[in-house]
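Counting starts at 1 for both ligands and their atoms, following the listed order.
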Amino acid sequence: MLSRTSHDRMANAIRFLAMDAVEAANSGHPGLPMGAADIATVLFTKVLKYDPTRPFWPDRDRFVLSAGHGSMLLYSVLHLAGYEKVTIEEIKRFRKLGSLTPGHPENFVTEGIETTTGPLGQGIATAVGMAMAERALAARFGKDVVDHHTFVLCSDGDLMEGISQEAADLAGHLKLSKLIVMWDDNGISIDGATSISGSTDQLARFAASGWATTRIDGHDPEAILAALTAAKASDRPTLIACRTVIGFGSPKKAGSEKVHGSPLGADEIAATRAALGWEAAPFEIPADVLAGWRAAGAAGSAARAAWDARLAAAPAADRAEFERRIAGTLPQALEGAIVAVKQKAVADGGAVATRKSSELVLDFITPVVPEMLGGSADLTGSNNTKAKGAKAITPDDFAGSFVHWGVREHGMAAAMNGITLHKGLIPFSGGFLVFSDYCRPSIRLAALMGERVIHVLTHDSIGLGEDGPTHQPVEHLAALRAIPNLLVMRPADTVETAECWQIALEAEGRPSALILSRQNLPILRTDATPENRSAGGAYEIVAASAKAQASLFATGSEVSLAVEAAKLLEAQGVPTRVVSIPSFELFLERPAAERAKVIGDAPAKVAVEAAIRMGWDAIVGSDAAFVGMTSFGASAPGKDLFAHFGLTRDKVAAKALDQLRQA
Ligand SMILES: Cc1ncc(C[n+]2csc(CCOP(=O)(O)OP(=O)(O)O)c2C)c(N)n1
């Protein structure tokens, strides 16, 4: 047991690194690191299982700083504990361009950071996914290989966000007993005391969702250790309310919102040095303190070495499979399964909704890609994301491959990020496209982090019909296409759906959204070969009978509409080609010359998509005509709506003829 003096000095090292780095950057958030330094010190010196020399050791405990604004807490701890890359120079470069110490923690920048946080509420919900992944992988590979905890430090703001309720609800229901949340209960947010905007009994709220809860003095190391020890033994997830003082140690600013998000100023830092008895200069760590920290960091290597030995002793096939999954490499059999779906689709013929096509794809690929973990936000029968034979995960049995997320789109999307960040599983969800808005903050983070999560978003346009405009996406395709690094794919038939699934799975460094129809669509592609024609983002799906006078461009359900319009135009003597564009992003990433070839030089160009035009000009040019939506939809059968809003073969053909006349 550390003496109280040693503990205090180790915690003060965090406080001064944070204070001095924020001062040097002239921006940042010193209040949280100063207030939560005792919690972090106990966690990282006595409880957390980690090895700074192996930041990606698969069975390390995960630590998520949900309150990302407190990033200097993490950087200080990583530096002190001995993460090699987080040098004192990097701490001095806090918030500078290209540093390993950005304003908010970014896992893809700094080793030792488990997830990117900053948008409040995301971290706690992402951690739920990490804890789920741990359970699922332990069920598959056994406790010798997978047995770790997930710790979260969250703030008042994290708990004010609605997503925290979805996270709490999921974790409580699933009995994620290895999830431990420490709440930095300082009663202060940016506007002042939290009591000006809320009065929830957070412990009662979490208890109601099935959590163990406790309240401690967050500056008492023994109480912190006792609470964490009890939490590890609990059969439920645990919330520890740690009562702390924001900006602890600052004579004038402690306990006030003034220390939340601005530098303390030279005078106040000097006063804090005096108050805490800290004589070291900025960015200097007294030798005894650094030695204490480094010893704590080094202590984890024994557990890591023991784990290495256990993995080495595991049956060879299990070990190879575990390593493959952690590396994120796909099984070779995937390609064959994709071709098999295409062959079946072509042989069956007939019209199928792409959500059903997707289900068929899943029936073929999930048996050969066992790391896929599906789910739906209470729309399983509508999203068709449950493959044949897939078993649901239950609180007591995580051997399944499907998650009933409940009506919790946001919590689902954040937890999916945690599942993929954990490594070993590829999460895919089910939801309605219109409710992708509810997932958006988490999808955005997945795109920023470059994580392979796959969102299956069905009921993709007015084509869904009677449910009406509340359920009919109009602007959502454009909104999703606006997110950098997100692959938005809208396949036109079963063959394209299979190809888009293959692309999504192979896109290791980016999330995907598969946009699927509720209504049946005819099969257009009859080539069932290993070639993935969707991979280029756009391709000519129907050639013109002679030099093309018109090019029609469409995605998803409107490709068949364009094909009908092309027939009409051909019958009127206008050679017409059709280009299917399953993905804007993949198309726009191709060289300009290749794109120009696909777009072609026909004098008439018409794009058609049952959505707003935004985004299309970059593909077809602002001179092209567009047939789509300019308003919300309406409640009626889908076919009637297509006619009502002018998404018809005749209208598309007429637009092409108009263009030819003007040419
Ligand atoms: C979703 C979201 N909304 C708003 C913010 C801006 N913001 C950063 S910290 C914060 C609240 C600070 O209060 P608290 O969470 O208690 O942190 P503390 O003051 O204790 O450091 C807000 C509103 C954010 N980061 N994320």
Does the plane of the ring in H260 sit parallel, tilted or perpendicular to the ring in H29? Use 30° and 60° as the thresholds. perpendicular

Are D184 and T244 close enough, and set up right, to give a side chain to side chain donor-acceptor pair (under 3.5 Å), and what steps lead you there? CA-CA 6 Å; D184 180 33; T244 63; 2.5 Å; yes

Residue pair D38, R15: steps toward the salt bridge (Lys or Arg N to Asp or Glu O under 4.0 Å) verdict: CA-CA 9 Å; D38 294 302; R15 295 190 170 102; 2.7 Å; yes

Report all protein residues having a heavy-atom distance below 4.0 Å to some atom of ligand 1; order the list by chain, then number. L32, H69, G118, P119, L120, S155, D156, G157, E161, N186, I188, S189, I190, I246, H260

Parallel, tilted or perpendicular, judged at 30° and 60°: which one describes the rings of F432 and H459? tilted

Those residues at least two apart in sequence (or on a different chain) that pass side chain to side chain donor-acceptor pair (under 3.5 Å) with H149 are none

Aromatic contact between F63 and F44, with the criterion being ring centroids under 6.0 Å apart: yes or no? yes

